[in-house]
Trainee: 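Following this message is one structure expressed as structure tokens.
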Amino acid sequence: MPKQKRVFSGIQPSGEIHIGNYLGALKQWISFQAAAECIYCIVDLHSLTVDYDPQTLKGRIMDKAIAYLAAGLDPKKTIIFVQSAVPAHTELTWLLSVATPIGDLQRMIQYKEKSKKNPDNINAGLLNYPILMAADILLYQTDIVPVGKDQTQHVELTREIANRFNKRFGQTFQIPKTVLPEKGAKIMSLKEPEKKMSKSDGYDSCIFLFEEPDSIRKKIMAAQTDSGNEIRYNQRRKPGIANLLTIYSLFSDRAIPEIEKEFKNKSYKTFKEQLAQLLIEQLKPFREKKKELQGKEALIQTILDKGAQRAGRIANQTLEKAKKNMGLV
Ligand code: ATP
Ligand code: LTN
């Protein structure tokens, strides 16, 4: 039997999971579980690079673990763990940093955007963020990294770092590939459909995976649309409607032309009411599963501890190999 592919990805424990995170990343993570060896991480160390509250960090990590499980990650099949529980991540970050030109870090879009947003806290961690992400991926000899479109530049840099390291120090790392979903790799904001849906860009611009029906309805009815009245997919001229059609299509598993046909000669209001109803129904199992898991924190902590042990064993093998190849051990 051919060897299974290894899949690695992560989400920060900042903010709540929104449908952009779900359609761009988590949904792919869940489907990979059937056919690959999956490792999914809560990247708490990455979340320290912007202003945050140390008092609430622990709770947010637990919330993210609950969210992973409620969304459909299965700890029987998949390793789920917290990044800071496996020290190899920070150690490999240092080793990789000597194979990473500063200029490559300075040209990262996320670095530029986050520096602009947080001008009083442009710390070295924010610049080095992609090296830590490269360490996350490379430690597990990862074949596939399922992410949303905004992360492709970081995975590309990971590949460059790995290639440079392998060339200079000898074959050490598998070269990973980005996998984007065919549709939904970039879900747009409900308020400004030219920008990606982002949890740091305000509550009303996102629908959260565990959102209650009333607020789903309110947000969809208030979503930004253009001044026309046709329900037609046109990314450039009707970005708001195009985004809502994409969301409708992905949650109903129906093609966009079929949905356009159904809503031909119907108003934006009718379309939005139906979309809200669809989301309320489709997100219901997630809300229910989350409620079931709340109160089971001890059990979830055991899952994370076991995950960290299993992850640590794999990570340490790669770390030792990297150190040896660099002449350290
Ligand atoms: P922020 O924008 O506040 O930095 P985020 O909402 O982008 O956070 P992350 O934790 O950085 O969330 O991303 C987790 C995963 O979700 C990544 O794989 C990312 O590519 C994906 N993702 C984030 N936003 C979207 C989106 N709008 N559409 C599709 N995928 C997305
Ligand atoms: N930078 C990513 C989170 C992340 C990640 C990773 C994703 C950290 N390490 C490794 C895939 C693989 C983000 O979503 N903002």
Side-chain angles (χ1 to χ4, degrees), residues 6-29 32 38-52 60-61 63-64 67-68 71 81-84 86 89-90 92-93 96 108-111 113-114 116-118 125-126 128-140 142-159 161-162 176-203 205-209 243 246-247 250 311 315:
R6 189 169 279 159
V7 175
F8 183 96
S9 197
I11 290 188
Q12 302 189 50
S14 49
E16 265 187 75
I17 291 198
H18 52 69
I19 58 170
N21 300 141
Y22 175 70
L23 296 172
L26 260 177
K27 198 175 163 196
Q28 299 195 81
W29 297 14
F32 272 119
C38 299
I39 306 176
Y40 298 127
C41 185
I42 298 169
V43 292
D44 55 347
L45 298 171
H46 278 108
S47 73
L48 311 182
T49 57
V50 292
D51 291 334
Y52 77 100
R60 283 185 283 113
I61 292 170
D63 279 352
K64 203 59 31 130
Y68 273 11
F81 76 106
V82 179
Q83 187 187 35
S84 64
V86 178
H89 289 245
T90 41
L92 184 65
T93 300
L96 296 180
M108 290 293 110
I109 296 164
Q110 186 174 294
Y111 171 66
E113 283 178 358
K114 293 209 170 166
K116 216 192 257 170
K117 251 193 213 166
N118 308 284
L126 195 62
N128 292 332
Y129 179 114
I131 313 181
L132 178 59
M133 179 159 160
D136 296 342
I137 296 168
L138 299 177
L139 274 174
Y140 299 94
T142 301
D143 299 293
I144 292 170
V145 186
V147 282
K149 199 165 176 199
D150 61 302
Q151 292 302 315
T152 50
Q153 195 187 32
H154 284 158
V155 184
E156 203 41 55
L157 181 63
T158 300
R159 289 163 58 87
I161 293 173
K177 275 203 187 83
T178 310
V179 172
L180 298 180
E182 218 175 290
K183 292 212 178 80
K186 192 173 184 186
I187 298 296
M188 310 310 274
S189 153
L190 297 180
K191 284 288 166 203
E192 296 167 86
E194 301 77 19
K195 285 170 56 178
K196 83 162 185 134
M197 184 178 281
S198 162
K199 54 201 171 207
S200 45
D201 267 348
Y203 179 77
S205 63
C206 304
I207 300 280
F208 298 105
L209 200 60
N243 189 39
T246 302
I247 296 172
L250 290 167

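Each ligand, and each atom within it, is numbered from 1 in the order the structure gives.
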Trainee: Can you tell me the protein heavy atom closest to atom 24 (N) of ligand 1 and the distance?
Mentor: Lys196 NZ, 3.2 Å
Trainee: What is the minimum heavy-atom distance between Asn243 and Ser189, and which atoms define it?
Mentor: ND2-O, 4.0 Å
Trainee: Identify, by atom number and element, the atoms of ligand 1 in contact range of Ala185, meaning under 4.0 Å from any of its heavy atoms.
Mentor: 28 (N), 29 (C), 30 (N)
Trainee: Among Lys114, Gln12, Lys199, whose heavy atom sits nearest atom 4 (O) of ligand 1?
Mentor: Lys114
Trainee: Among all protein non-hydrogen atoms, which one is nearest to atom 3 (O) of ligand 1, and what is the separation to 0.1 Å?
Mentor: Ser200 OG, 2.6 Å
Trainee: For ligand 1, which atoms, with element, lie under 4.0 Å from some heavy atom of Lys186?
Mentor: 28 (N), 29 (C)
Trainee: Looking only at non-hydrogen atoms, which of Cys206, Gly20, Pro146 approaches atom 25 (C) of ligand 1 most closely?
Mentor: Gly20
Trainee: Please check this pair: side chain of Gln83 against backbone of His89, looking for a donor-acceptor N/O pair closer than 3.5 Å.
Mentor: no
Trainee: Just the distances, no angles: every ligand 2 N or O to protein N or O pair closer than 3.5 Å, one line each.
Mentor:
| residue | atom | partner | partner atom | Å |
| --- | --- | --- | --- | --- |
| ligand 2 | 1 (N) | Tyr129 | OH | 2.6 |
| ligand 2 | 1 (N) | Gln151 | OE1 | 3.0 |
| ligand 2 | 9 (N) | Asp136 | OD2 | 2.7 |
| ligand 2 | 15 (N) | Tyr129 | OH | 3.1 |
| ligand 2 | 15 (N) | Gln151 | NE2 | 3.1 |

Trainee: For Gly184, counting its heavy atoms only, list the atoms of ligand 1 lying under 4.0 Å from any of them.
Mentor: 29 (C)
Trainee: In a check of side chain to side chain contact (heavy atoms under 4.5 Å, CB included) between Ser9 and each of Val179, Thr142, Val147, which one passes?
Mentor: Val147
Trainee: Nearest protein heavy atom to atom 28 (N) of ligand 1, by residue and atom, and its distance?
Mentor: Ile187 N, 2.9 Å
Trainee: Is the shortest side-chain heavy-atom distance between His46 and Asp136 below 4.5 Å?
Mentor: yes
Trainee: Is any side-chain heavy atom of Glu16 closer than 4.5 Å to a side-chain heavy atom of Leu209?
Mentor: no
Trainee: Just to confirm my output: which protein heavy-atom neighbour is closest to atom 13 (O) of ligand 1, and how far is it?
Mentor: Asn21 ND2, 3.7 Å
Trainee: Answer yes or no: does atom NZ of Lys191 have more than 12 heavy-atom neighbours from other residues, nucleotides or ligands under 6.0 Å?
Mentor: yes
Trainee: Among Gln110, His18, Met197, which one has a heavy atom closest to atom 6 (O) of ligand 1?
Mentor: His18
Trainee: At a 4.0 Å threshold, what atoms of ligand 1 neighbour a non-hydrogen atom of Gly24?
Mentor: 29 (C), 30 (N)
Trainee: For atom 18 (O) of ligand 1, find the nearest protein heavy atom and state the residue, atom name and distance (0.1 Å precision).
Mentor: Gly148 N, 3.2 Å
Trainee: Should Thr158 and Pro176 count as side-chain neighbours, where that means a heavy-atom distance under 4.5 Å?
Mentor: yes
Trainee: Parallel, tilted or perpendicular: which describes the rings of Tyr140 and Phe8, with under 30° parallel and over 60° perpendicular?
Mentor: parallel
Trainee: Between His154 and Tyr129, how do the two ring planes meet: parallel, tilted or perpendicular, split at 30° and 60°?
Mentor: tilted
Trainee: Just jot down the ligand 1 atoms closer than 4.0 angstrom to any heavy atom of Ala25, in number order.
Mentor: 15 (C), 16 (O), 18 (O)
Trainee: If we ignore angles and hydrogens, is there a donor and acceptor under 3.5 Å between the side chains of Asp150 and Gln110?
Mentor: no
Trainee: For the residue pair Ile11 and Tyr68, establish whether any side-chain heavy-atom pair is separated by less than 4.5 Å.
Mentor: yes
Trainee: Could you name the option among Pro181, Ser205, Ser198 that has the heavy atom nearest to atom 2 (O) of ligand 1?
Mentor: Ser198
Trainee: If you measure from atom 14 (C) of ligand 1 to every heavy atom of Val147, Ile11, Asp150, which option wins on shortest distance?
Mentor: Ile11
Trainee: What are the two closest non-hydrogen atoms of Pro146 and Gln28, and how far apart are they?
Mentor: CB-NE2, 3.7 Å
Trainee: Are any non-hydrogen side-chain atoms of Lys196 and Lys149 less than 4.5 angstrom apart?
Mentor: no
